[in-house]
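Encoded as structure tokens, the structure appears first; notes follow it.
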There are 2 protein chains.
Amino acid sequence: MITLTEENYIKAIYHLGKYGREMVNTNSIAEALDTKASSVTDMVKKLAEKEYLNYKKYQGVILTEKGKGIAVNIVRKHRLWEVFLVEKLNFTWDEVHEVAEHLEHIRSEKLINELDAFLEFPSYDPHGDPIPDKNGKFINIDKIALSHSEIGNVYTCVGVKDTSSHFLKYLDSNKIGLGTVIEVLHKEPFDNSVKIKFNTTEMVVSQNVAKNLFLKTV
Amino acid sequence: MITLTEENYIKAIYHLGKYGREMVNTNSIAEALDTKASSVTDMVKKLAEKEYLNYKKYQGVILTEKGKGIAVNIVRKHRLWEVFLVEKLNFTWDEVHEVAEHLEHIRSEKLINELDAFLEFPSYDPHGDPIPDKNGKFINIDKIALSHSEIGNVYTCVGVKDTSSHFLKYLDSNKIGLGTVIEVLHKEPFDNSVKIKFNTTEMVVSQNVAKNLFLKTV
DNA sequence: ACTAATTTTTAGATAAGTCTAAATTTACAT
DNA sequence: ATGTAAATTTAGACTTATCTAAAAATTAGT
């Protein structure tokens, strides 16, 4: 049996290692989980023992296929619950993360597959992140950050990188959401800010914002 | 902060003590939670310390108002989730208990109140048990067990005492459910079995069944 | 290549919740 | 009233996940 703590370690390692593709070092795991490096060392030894990951002393860890399977399933549950909270229970996109952190650990195949069906098999969560299906398959669209957009092009906003409440509320207050159509007017080399236009509004956003807003070409 | 384990102890004590009205002894708690009496002693000391219950050595425990509040809130969450699972996710009434045992511990005021509204403020769960509102108030109907019914009277089935999968599946297979209208034809003094009639069907049910089926007068 | 700084691991300690086995208290039968 | 059975508590130990402090290994700068 896998514990809640183990699931949280696996999830963190999955995200830190670019969806289980890269090695992850001890300190970054400690930081992500707000714990100490020594605790991480203990836990990764246990997770290696259980074959959720491969661990090389002083080198870091990388998830096994088994570990990735666990991680993808948690991501699926997290994102489906987020859709449920926003679409059925009137949560805003900046409120869902915390509750979903708990709901994602409920273990019931039937629960999650029925929830998936109830929500009509959504492919993306409220932040634009893809939701794996029951076989772990993602439908990924090509998306770029606003910071990597081209001047003069028109894009649709399809996701965010930063899902913090602060950032999402900033977007809300400026009437930017998923689906918003944005034209890139100017990029300021001095501070990497970007001037954009949407719904007749023109505004300048900082580099920080530009790096955290994902677009696809229209 | 209250832990998941503490919540489970409080819930068990609430049910064992007739909704927090009676003293509960150590062994019955141990049995209910599938643990040892010595573990219970340790835990009730801690719960007494935190003022969720009053504990008298060798005498047993009884919940405080604070403890009852915790218990009622867990019951509310458990039963609302059960309604959700049956009404929205195609669970049967014998499948919901296990999953609800986990969902009941998710802590979010907004989640549970929005769920309540989404389900249109149900007053009873799929087994006929009353669901407290956000202030902890129950809407309780007078109900009697089939074993205490009167011959010749007609009743509506409004609940079950035993919520085990075995019993519920037995009722399903005999087409008895909440809302079924039942006439009591005969009570056999020898073995306390009861002969009933519903939807043109006549059948004899054992004392065990009769004690676990709740009715209200039509 | 060698020292210095950083990262990681080890060792030993702590807290929560549990267990077994022994001791204590209460309840009951005669 | 007294001895025995049943219930309960205490004492000491174990496990999981964590921590601090010290030791060891790796990486970087010159």
Side-chain angles (χ1 to χ4, degrees), chain A residues 1-18 22-63 67 70-71 74 101-102 104-105 107, chain B residues 1-18 22-63 66-67 70-71 74 101-102 104-107:
Chain A
M1 235 327 164
I2 187 166
T3 68
L4 189 142
T5 311
E6 288 170 349
E7 285 193 348
N8 281 329
Y9 270 87
I10 290 170
K11 185 179 59 149
I13 293 163
Y14 176 78
H15 288 300
L16 289 168
K18 302 263 168 73
E22 296 176 6
M23 267 215 161
V24 180
N25 62 353
T26 305
N27 264 3
S28 59
I29 300 170
E31 194 189 4
L33 293 172
D34 196 23
T35 184
K36 301 295 174 197
S38 55
S39 307
V40 174
T41 302
D42 284 347
M43 181 55 85
V44 297
K45 279 181 188 167
K46 200 172 113 191
L47 293 173
E49 189 67 39
K50 293 189 174 188
E51 300 188 308
Y52 292 119
L53 49 78
N54 292 117
Y55 167 53
K56 276 261 183 58
K57 259 191 179 188
Y58 293 100
Q59 306 295 151
V61 300
I62 187 162
L63 292 179
I70 297 287
I74 296 172
E101 287 285 294
H102 297 287
E104 72 187 4
H105 296 291
R107 262 173 276 228
Chain B
M1 233 331 163
I2 188 166
T3 69
L4 188 141
T5 311
E6 288 169 349
E7 284 193 348
N8 280 328
Y9 270 86
I10 290 171
K11 184 178 60 151
I13 292 163
Y14 176 79
H15 288 301
L16 289 166
K18 302 263 171 72
E22 296 176 5
M23 265 216 163
V24 180
N25 62 357
T26 304
N27 263 3
S28 59
I29 299 170
E31 195 189 1
L33 294 172
D34 195 25
T35 185
K36 302 294 176 196
S38 55
S39 307
V40 173
T41 302
D42 284 346
M43 181 56 86
V44 297
K45 279 183 188 167
K46 200 173 113 189
L47 292 173
E49 188 67 39
K50 292 188 174 191
E51 300 188 309
Y52 292 119
L53 48 79
N54 292 117
Y55 167 54
K56 276 262 184 57
K57 258 194 181 188
Y58 294 101
Q59 306 293 292
V61 300
I62 187 162
L63 292 179
K66 182 177 166 189
I70 298 286
I74 297 172
E101 287 286 293
H102 297 288
E104 72 188 5
H105 297 290
I106 303 286
R107 262 173 276 226

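What you are looking at is a predicted structure, and each value in this text was computed from that prediction instead of being measured. Chain letters run A, B, ... following the sequence lines, proteins first and then strands; every chain starts at 1.
OP1 or OP2 of D:dC19 has not a single side-chain nitrogen or oxygen of A:S38 nearer than 4.0 Å. For B:N27, a side-chain nitrogen or oxygen approaches OP1 or OP2 of D:dT8 to under 4.0 Å. A close approach under 4.0 Å does occur between a side-chain nitrogen or oxygen of A:S39 and OP1 or OP2 of D:dC19.
B:M23 CE to B:N54 CG: the interatomic distance, rounded to the nearest 0.5 Å, is 7.5 Å. Residue A:K45 holds its NZ atom at 13.0 Å from CG of A:L53, rounded to the nearest 0.5 Å. The distance from the OG1 atom of A:T5 to the CG atom of A:L33 is 9.5 Å, given to the nearest 0.5 Å.
Distance NZ (A:K45) to C1' (C:dT9): 7 Å, rounded to an integer number of Å. Rounded to whole angstrom, the span from the CG atom of A:N25 across to the C1' atom of C:dT7 amounts to 8 Å. The interatomic distance linking A:M23 (CE) with C:dT7 (P) rounds to 17 Å, in whole Å. Counting to the nearest Å, the C1' atom of C:dT24 and the NZ atom of B:K57 are 9 Å from each other. A:I29 places its CD1 atom 13 Å from the C1' atom of C:dT7, with the value rounded to the nearest Å. Look at OH on B:Y9: it is 14 Å from P on C:dA16, rounded to the nearest Å. Counting to the nearest Å, the P atom of C:dA15 and the CD atom of B:E49 are 15 Å from each other. B:K36 has its NZ atom 16 Å from the P atom of D:dT9, to the nearest Å.
Across all strands, A:T41 comes closer than 4.0 Å to base atoms (heavy-atom distances). Using a 4.0 Å heavy-atom cutoff across all strands shown, A:T26 reaches sugar-phosphate atoms only and no base atom.
You'll find that the side chain of B:A37 is closest to D:dT9, out of D:dT9, C:dC19, D:dT18.
Using modelled atom types, one side-chain atom of B:K66 and one backbone atom of B:K50 make a donor-acceptor pair closer than 3.5 Å.
Here the closest non-hydrogen pair linking B:T41 and B:Y55 is CG2-OH, 3.8 Å.
Toward the 5' end of DNA chain D, the nearer of the two residues A:Y58 and A:D34, judged by each one's closest nucleotide, is A:D34.
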